[in-house]
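Quick notes on the structure that follows.
Atoms considered below: every heavy atom in the structure, side chains included; atoms not considered: hydrogens, waters and symmetry mates. Each chain gets a letter, A, B and so on, in the order the sequences are listed, and its residues count up from 1.
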There are 2 protein chains.
Amino acid sequence: MMKNTRQERQADTRKAILQTALELIAEKGLDKLSLREIARRVGYSPAGLYEYFDSKEDILWTLALEGNDRLRAAAIGISSDLPIKERLTLACLAYVDFAVQNPEHFIIMNSLTTRRASLDEPVSSESSYSVFLKIIEVAIAEGELLVQENFGAEEITYGFWSLIHGMGILRLTQLRSFEADFEKMNRKAIETFITGLQ
Amino acid sequence: MMKNTRQERQADTRKAILQTALELIAEKGLDKLSLREIARRVGYSPAGLYEYFDSKEDILWTLALEGNDRLRAAAIGISSDLPIKERLTLACLAYVDFAVQNPEHFIIMNSLTTRRASLDEPVSSESSYSVFLKIIEVAIAEGELLVQENFGAEEITYGFWSLIHGMGILRLTQLRSFEADFEKMNRKAIETFITGLQ
DNA sequence: TTTTTTCTCCGAACAGTGTTCGGTATTATA
DNA sequence: TATAATACCGAACACTGTTCGGAGAAAAAA
């Protein structure tokens with residue numbers, strides 16, 4: 001028994017560490033996350049963790065990239081059969097929904113890019129950005145979205161991005177304990193922006 | 001000489017501490033802000049600071065409230081003689097401009113609300129929110145903005161807020177070193193949203 | 001199987017953090 | 001001038017992330 005190979009066990013421990021980190025963030029917040037408590041909870045000594053991650057930041061970067069993948073997948077996952085405007089709306093809603101469903105990931109992504117060492121690793125929505133850009137280019141090509149002077153595809157994408165990113169952030173910070181039908185409000189706001197581009 | 005009264009000196013020291021904190025945040029980032037380094041730079045011992053602030057968080061809260069006042073003032077300061085739509089646009093631009101001109105304040109405001117102890121002190125835009133709400137109610141009354149079902153004054157305000165808040169955050173994080181004519185893009189995006197409401 | 005080599009993991013230590021406490025000057029009040 | 005309040009500091013406490021040297025276990029080589 002216990003015929004797990006080295007790599008398998010190594011991968012399992014990594015997952016356990018990441019999972020524990022997420023739980024602790026959910027419980028006490030990102031700023032109170034402590035390597036030593038991760039170690040305690042996962043049954044290792046503090047030094048032991050360094051066999052699996054180079055640093056505390058390394059753990060967070062790993063989670064940030066993981067979140068990035070999920071976010072991107074959520075945006076891509078919208079059926080391409082739908083009318084382009086509905087597709088755009090759903091992609092936007094998926095972005096906000098990701099923030100709500102994965103608050104820890106979303107917060108990590110935002111805290112890391114705040115002070116990153118100028119690497120151009122694709123964190124947060126820097127890569128889901130391109131997904132939105134493509135959808136919007138299609139919408140423009142189909143004549144459903146109107147480009148103006150100084151407000152082409154990229155600028156429009158920036159507008160949508162600001163809108164949905166703001167929705168996600170506000171939801172996790174200022175409006176955390178605020179009760180409302182966000183789903184409906186968000187949809188309306190997104191549709192309003194689309195309407196403004198016609 | 002040095003006939004400053006006690007209160008005056010106390011107030012001066014408080015200001016010096018706050019100012020130093022801001023400088024350190026600008027230099028190394030909020031997460032690397034250290035009480036001991038503030039003390040070092042201001043010529044006090046670490047313990048000495050506790051005569052002026054209850055804790056490190058107390059310093060940050062003070063700065064957050066200060067930023068809140070400035071933000072609110074900036075939003076209110078828009079001339080009320082202008083056409084209501086232009087007034088709304090300028091107020092939105094002022095919000096984003098505040099984030100760019102006072103990045104340390106803006107970041108503190110957002111990091112504190114992220115994990116606040118459920119006090120309902122008005123931090124960040126929770127109070128500038130009401131400024132926007134009033135402008136938008138006027139715009140609706142004048143027939144320049146159209147209310148829809150499930151999308152009244154408050155929901156519209158939430159939409160604007162998400163948009164400009166996202167602009168501010170993105171500008172200070174993901175798009176920090178990104179060169180573009182943000183002023184123009186932001187104006188266009190805001191006008192687009194307004195257009196969508198007519 | 002025995003002997004290396006590699007991998008895991010830990011204890012101890014280092015430098016750093018926020019904060020508290022006791023005591024000593026300094027300043028203002030009486 | 002005597003008394004009370006204030007300002008400030010040194011030392012300590014409990015915490016943090018990280019490094020290093022050395023055990024013990026597992027895998028690979030002999």
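- For B/R36 against C/dG16, no side-chain N or O and base N or O form a donor-acceptor pair under 3.5 Å.
- For C/dC7, the OP1/OP2 oxygens have no side-chain nitrogen or oxygen of A/Q10 closer than 4.0 Å.
- Counting only heavy atoms from C-beta on, B/P46 has its side chain closest to C/dT19 among C/dT19, C/dC10, D/dT18.
- Here the P atom of nucleotide C/dT8 and the CD atom of A/E8 are 13 Å apart, to the nearest Å.
- A/F160 and A/F193 have their aromatic ring centers within a separation under 6.0 angstrom.
- Separating the CG atom of A/L33 from the C1' atom of D/dT16 is a distance of 11 Å, rounded to the nearest angstrom.
- Judged by distance alone, the side chain of B/R176 and the main-chain N or O of B/L172 form a donor-acceptor pair under 3.5 Å.
- For B/L35, the side-chain atoms get nearest to C/dG18 when compared with the rest of D/dA5, C/dG18, D/dA27.
- Checking C/dT17, D/dC9, D/dT18 against the side-chain heavy atoms of B/S45 singles out D/dC9 as nearest.
- Projected onto DNA chain D by closest heavy-atom contact, A/D54 and A/S34 fall at different nucleotides, the more 5' of which corresponds to A/S34.
- No cation-pi contact links B/R70 to B/F98, judged by a cut-off of 6.0 Å to the six-membered ring centre and 45° from its axis.
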Any chance you could lay out the side-chain hydrogen bond (donor to acceptor under 3.5 Å, both in side chains) test for B/S127 and B/N68, step after step, and finish with the verdict? CA-CA 8 Å; B/S127 68; B/N68 190 62; 3.0 Å; yes
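- As rounded to whole Å, 18 Å separates atom P of C/dT19 from atom OH of B/Y44.
- Base engagement by A/Y50 is indicated by at least one non-hydrogen atom pair under 4.0 Å involving a base atom.
- Between B/L24 atom CG and C/dT17 atom P there is a gap of 11 Å when expressed in whole angstrom units.
- Under the side chain to side chain contact (heavy atoms under 4.5 Å, CB included) rule, A/E183 has a single partner from A/V100, A/V96, A/L93, which is A/L93.
- Of the listed nucleotides (C/dT8, C/dG11, C/dT17), C/dT8 has the atom at the smallest distance from the side chain of A/E51.
- For B/K56 and C/dT20, the NZ to P distance is 14 Å, given to the nearest whole Å.
- Nucleic acid contact class of A/L49 (heavy atoms, under 4.0 Å, all strands): none.
- Nucleotides of DNA chain C nearest to B/E37 and B/R6 differ in position, and the one nearer the 5' end is that of B/E37.
- When the nucleotides C/dG11, C/dT8, C/dT20 are ranked by their closest atom to the side chain of A/A47, C/dG11 comes out on top.
- Among the protein residues, B/I59 comes within range of no part of the nucleic acid, since none of its heavy atoms lies under 4.0 Å from any strand.
- Nearest to the side-chain atoms of A/R9 among the listed nucleotides C/dT17, D/dA26, D/dA7 stands D/dA26.
- Here C/dC9 presents its P atom at 13 Å from CZ of A/F53, a figure rounded to the nearest Å.
- In this structure, A/D58 atom CG and D/dG17 atom P are separated by 14 Å, rounded to whole Å.
- A straight line from NZ of B/K32 to P of C/dG16 spans 14 Å, rounded to a whole angstrom.
- Between the side chain of A/K134 and the main chain of A/Y129, no donor-acceptor pair closer than 3.5 Å is present.
- Nucleic acid contact for B/Q7: none, since no nucleic acid atom lies under 4.0 Å from a heavy atom of the residue.
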